[in-house]
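Below is one structure, written out as structure tokens; comments come after it.
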Amino acid sequence: MIAERMAPSMIKRGLKGTRFSPIEPEFPADMDGIGWYVHLPFCRRLCPYCCFHSLQYSPGKVAPYIEAVKKEIQTYRDRLGKIKIGDVYFGGGTPSLTWEGIVEIMEFIRSKFDMEGEVGFEANPEDINASMCKAVKQAGVTKISLGVQSFNNEVLGGMRRGYSAKAVLKAIELLLGEGFYVSIDLLHGLPRQQIPSLLGDLEVAAKTRVNQISYYPLMLFPHTRWYRDAQKGRLVTPSPSLEREMFYTVCDFLTANGYKQSSCWDFIKENGGGLQYLTCTRDENIGVGISAYTKIGGLFYVNTFSLKEYIKRAETGLPIATGMVTPPERVMRRWFMMGLYRLRVEKSEFERRFGVKMEEAMGRFMLMLKLMNIIKEHSTHVELTRGGMYWASLMTKASMLTLPARYYTECLHDPWPGDFEL
């Protein structure tokens, strides 16, 4: 399909010339309801494929880091006042490894802001136990995203996950029994993965009856070991045609087995209760912790990736490494594309946000997508076609491999990078 082959080049053209530089943010007057993301970077072991900034766990590093996070939160309190905040999500890293820090940080947040939303965090199956569940529930946690990746023990071993499929199922059973909204993350496009093994994972996942299943394509960032192995020919990933088949296998299986597709990569249990667990695909959020990013309208910035520099800078202000201000037309295009990732864009919501009709602002782009049979336009909204779903998946993947991968490279090399351009 031509549209699929065009996806990466469309993203690169759209982001060409994007310039990052040191930034001092100016915040809108009304920040009520904004979501927060808190990065807890520590992991027992560093997975060879993980694209997120993680650090090897060391007990002596945790307490100073948690204190620095609280100081950064205090700086936002000083800058923003006692605003109402929306959902708070902890990502990593492996937040469940340092779950006591989640409890401590949430107590601090509630003392500084009016809390309106829900609280969720990412977890590793080997960390789930009854005492942890009780403590985080008392801290207000309602949602847990379990990093499963696969139910195949051989695959899990190759990914250095450190647990078995049996342990995953036990963790899921405990979390559901404790009343949490449970989301599980799985991957397709893994090395040497074929349709039969993918179907095996899907069958087990559907039988768990978790509230949400998020099925991501494998994305190899330049700083990962698997990326380097692939560049040297030591790692074989599925062909583009097989990856496309895997995407539709996931969509068709889950929608036929009690799940409703809510985005290109997310599936919600029908009558499952609760709102979808979202982190990286939120429209706006404040990011706290090393490598966390903040996105508010056209404002985008990311914190330093250095633990030492983060702790030092949090003493005196926001530990921002670099950022940019996106022009209004690109903000509209980004919001429109994120809507397509979620399968549907409401015209009234576009006009409410940007003060212009979607047909006027996005008309030429929408016409191109219609001619390519990517979207269908209705009187109140536009929605993806079946073929358009895979195109939107590729566009999201290409965006991740272009923008974050670029600033990751710079920020891993220098805690305070100067100007750089895509």
Margin query: Looking only at the side chains, is there a donor atom on one of Glu118 and Thr142 sitting less than 3.5 Å from an acceptor on the other?
Written below: yes
Note to self: Let's go through Glu154 and Arg192 carefully: what are the C-alpha distance in whole Å and the side-chain angles of both, what is the deciding distance for salt bridge (charged side-chain N to carboxylate O under 4.0 Å, His left out) to 0.1 Å, and is it a yes or a no?
What the structure shows: CA-CA 12 Å; Glu154 185 176 347; Arg192 306 191 185 282; over 6 Å; no
Notebook entry, point to check: Looking at Glu67 and Lys70, does any basic side-chain N land under 4.0 Å from a carboxylate oxygen?
Noted result: yes
Next item on the list: Using only heavy-atom distances, determine whether the side chains of Asp201 and Ser150 contain a donor-acceptor pair under 3.5 Å.
Entry: yes
Next item on the list: Kindly write out the residues that satisfy side chain to side chain contact (heavy atoms under 4.5 Å, CB included) with Glu349, not counting sequence neighbours, or none if the list is empty.
Entry: Trp335, Glu346, Arg352, Arg353
Next item on the list: Output all residues satisfying side chain to side chain contact (heavy atoms under 4.5 Å, CB included) with Lys134, sequence neighbours left out; order by chain, then residue number.
Entry: Gln138
Next item on the list: Taking the side chain as every heavy atom from C-beta outward, state whether Val38 and Phe121 have any atom pair closer than 4.5 Å.
Entry: no
Item checked: Residue list, side chain to side chain donor-acceptor pair (under 3.5 Å) with Thr380, at least two apart or on another chain -> none
Checklist line | Heavy atoms of other groups near His378 NE2, more than 12 under 6.0 Å | finding: yes
Check: Just wondering, do Phe253 and Leu198 contact through their side chains at under 4.5 Å, heavy atoms?
Finding: no
Checklist line | With sequence neighbours excluded, residues passing side chain to side chain donor-acceptor pair (under 3.5 Å) with Asn124 | finding: Glu126, Arg161
Margin query: For Glu72 and Asn303, which I'm curious about, is there any donor-acceptor pair between the side chains at under 3.5 Å?
Written below: yes
Check: Can you list every pair that meets side-chain hydrogen bond (donor to acceptor under 3.5 Å, both in side chains) and has a residue in residues 50-64, with sequence neighbours left out?
Finding: none
Next item on the list: Quick one: list whatever passes ring-ring contact (aromatic ring centres under 6.0 Å, His included) with Phe108, sequence neighbours left out.
Entry: none
Notebook entry, point to check: Given the rule in the side-chain hydrogen bond (donor to acceptor under 3.5 Å, both in side chains) test, do Thr304 and Ser306 qualify, once you have shown the distances and angles that lead to the verdict?
Noted result: CA-CA 6 Å; Thr304 182; Ser306 165; 4.9 Å; no
Note to self: Less than 4.5 Å apart, side chain to side chain, heavy atoms only: is that true for Cys264 and Leu384?
What the structure shows: yes
Next item on the list: With sequence neighbours left out, write down each residue that passes ring-ring contact (aromatic ring centres under 6.0 Å, His included) with Tyr259, or none if nothing qualifies.
Entry: none
Next item on the list: Please name all residues satisfying side chain to side chain contact (heavy atoms under 4.5 Å, CB included) with Leu169, sequence neighbours left out, ordered by chain then number.
Entry: Phe151, Val204, Thr208
Checklist line | Qualifying residues under side chain to side chain donor-acceptor pair (under 3.5 Å), relative to Glu421, sequence neighbours excluded | finding: Arg19
Note to self: I'd like to check Ile105 versus Val288 (side-chain heavy atoms, cut-off strictly below 4.5 Å). Are they in contact?
What the structure shows: no
Margin query: If the condition is salt bridge (Lys or Arg N to Asp or Glu O under 4.0 Å), which residues does Asp127 pass it with, not counting sequence neighbours?
Written below: Arg44
Review item, side-chain donor-acceptor pairs of residues 218-225, under 3.5 Å, at least two apart:
from: His223; atom 1: NE2; to: Cys51; atom 2: O; distance (Å): 3.3
from: Thr224; atom 1: OG1; to: Phe221; atom 2: O; distance (Å): 2.7
from: Thr224; atom 1: OG1; to: Tyr227; atom 2: N; distance (Å): 3.3

Margin query: Using side-chain heavy atoms (C-beta onward) and a distance below 4.5 Å, is Cys411 in contact with Val302?
Written below: yes
Next item on the list: Verify whether the ring centers belonging to Tyr76 and Phe113 lie closer than 6.0 Å.
Entry: no
Notebook entry, point to check: Any cation-pi pair here, Arg333 with Phe365, using under 6.0 Å and within 45°?
Noted result: yes
Note to self: Once side chain to side chain donor-acceptor pair (under 3.5 Å) is applied, do any residues pair with Ser393, and if so which ones, sequence neighbours excluded?
What the structure shows: Trp265
Check: Any idea how Phe305 and Tyr408 line up, ring-wise: parallel (<30°), tilted (30 to 60°), or perpendicular (>60°)?
Finding: perpendicular
Margin query: Once you measure the plane-to-plane angle for Phe336 and Phe350, does it fall in the parallel (<30°), tilted (30-60°) or perpendicular (>60°) bin?
Written below: perpendicular
